[in-house]
Amino acid sequence: MKIAMPVFNKSLESGIAESFGRTPYFLIYDMEEKTCAFFDNTAIASQGGAGIKAAQAVVDSGAAVVVVPQCGENAANVLKEAGLKMYKTISKSVQENIAAFAEGKLSPLENVHAGFHNHGGK
Amino acid sequence: MPVFTIMAGNSLKIAVLSGKGGTGKTLVSVNLAAAAPQAVYIDCDVEEPNGHLFFKPQDVAVKKISVKIPVVDESKCNGCRVCVDFCKFNALAYIGGRLKVFETVCHSCGGCVLFCPEKALAEKDKVIGEIQSGVSETVSVLTGVLNTGESSGIPIIKQLLNAPVGETEIAMIDCPPGSACIVMESIKDADYCILVAEPTLFGVHNFSMVHELVKLFDKPFGAVLNKCLPGNNPAETFCRENEIQILGRIPFAAEIGAINSNARILVREQPKYRDLFAGLLLRVMEEVRRETTAHS
């Protein structure tokens with residue numbers, strides 16, 4: 001099973017990014033193989049709908065699970081429709097969250113916010 | 001009573017803007033419209049139109065405004081994603097073998113329909129708001145209303161400003177706050193812009209942004225200083241430093257606040273306010289005439 005996380009750097013030492021749609025990179029971690037891959041989030045420079053575009057890329061990556069601090073409703077709709085499960089991070093550390101997921105200690109993400117559309121400055 | 005003359009064949013469109021909300025755009029535009037012999041008041045602040053609260057227009061007619069959004073014929077869609085890649089607003093996603101349209105993100109450009117190689121996309125109408133039109137004494141009142149949750153009121157503003165204005169009428173355009181696309185759309189066809197300023201540093205900052213905007217659009221403009229108190233007025237200082245014509249001053253007075261907060265129109269309440277705004281309107285007309293002569 002592959003899990004996806006929004007991260008600041010292409011490294012397992014990286015911190016987890018707060019924004020799903022506008023994170024610089026996504027980490028795709030393979031739980032069985034214990035391997036990782038990173039890809040650039042091309043949605044970061046979008047004028048709008050970044051969450052939708054980022055979610056599409058995560059779905060296309062083949063991940064079955066997304067681990068995030070928070071998620072906007074458009075992105076969540078795409079992820080849910082594609083059958084991905086969403087969990088809430090317990091800290092900013094990638095490795096701590098991978099370990100917690102492996103032990104079944106992450107809880108499902110329940111609060112989906114309405115997005116930051118135009119409220120974070122244009 | 002001053003005499004207003006409008007050049008034959010030219011209806012006059014005056015936009016009132018301020019940058020910061022709560023500065024007095026509606027106060028100025030409502031009262032200028034009420035002071036004119038015949039006027040059309042156009043509320044372009046479609047996210048929270050409030051001019052109608054003052055005018056209380058009669059015989060209101062409602063026209064729904066819709067935009068085009070894509071609709072997919074799933075039997076024709078082969079999942080090529082040309083539309084998904086095309087959409088700069090990311091209003092489309094291809095998930096689980098189906099195309100998903102995010103209606104509130106769509107900007108109705110129609111590009112996805114044009115580019116679909118399978119002709120699987122068509123357009124349907126989606127209502128995003130309405131225009132209410134009614135009459136209040138000598139003023140025709142047009143109000144644009146954007147439905148909650150919609151991303152852009154620009155289609156409504158375009159329709160509002162397409163409404164016919166009679167030759168002897170003055171159109172008073174009450175703009176939305178800020179200086180973004182929606183304000184640009186509102187001032188695009190204006191013959192003259194009135195910038196309303198309040199004596200606060202925050203107000204002056206946003207005033208400087210709309211000042212930049214009207215210069216960029218090459219519009220003739222002047223300032224009205226609202227909420228004037230004795231002593232230093234940062235808005236007046238800004239106008240002096242930037243050589244901005246000051247058209248008039250409205251005092252910071254409890255009486256004005258009381259009349260206005262009861263949704264009554266100053267001009268219709270007391271002769272002194274009628275004189276104030278009729279004088280202001282006359283001043284604006286002189287400015288417009290001067291600009292027209294200078295540019296012809």
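To find a chain, count down the sequence lines: A is the first, B the second, and so on, and within it residues start at 1. Any value given below was found using the heavy atoms of this structure, including those in side chains, with hydrogens, waters and symmetry copies removed.
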For [X], is the [atom1] atom crowded, meaning more than 12 foreign heavy atoms sit under 6.0 Å from it?
| X | atom1 | answer |
| --- | --- | --- |
| B:Glu123 | CD | yes |
| A:Lys85 | NZ | no |
| B:Lys126 | NZ | yes |
| B:Met184 | CE | yes |

Q.
Please classify the contact between B:Lys100 and chain A as side chain, backbone, both or neither, with a heavy-atom cut-off of under 4.5 Å.
A.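 For B:Lys100, the side chain is the part near chain A, not the backbone.
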Q) Measuring heavy-atom distances to chain B, does A:Val59 have an atom under 4.5 Å in its side chain, in its backbone, in both, or in neither? A)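 It is the side chain, since no backbone atom gets that close.
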**Q.** Test item: A:Asp60 and B:Arg81 side chains (from C-beta on) under 4.5 Å apart, heavy atoms
**A.**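 A:Asp60 vs B:Arg81: side chains touch.
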Would you name the heavy atoms of [X] and [Y] that are closest together and state the gap between them?
| X | Y | result |
| --- | --- | --- |
| B:Leu92 | A:Ile52 | O-CG2, 4.1 Å |
| A:Gln56 | B:Tyr94 | OE1-N, 2.5 Å |
| A:Gly49 | B:Asn90 | O-CB, 3.1 Å |

Q: Look at A:Ala43, A:Gly48, A:Ala55 and state which one has the largest set of heavy-atom pairs under 4.5 Å with chain B.
A: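 Option with the greatest count: A:Gly48.
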(Q) Using a 4.5 angstrom heavy-atom cutoff, name the option from B:Ala91, B:Ala93, B:Gly97 with the most pairs to chain A. (A)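 Result: the option with the highest number of such pairs is B:Ala93.
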Q | chain A contact residues among residues 102-120 of chain B, heavy-atom distance under 4.5 Å | A |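 The stretch touches chain A at B:Phe102, B:Val105.
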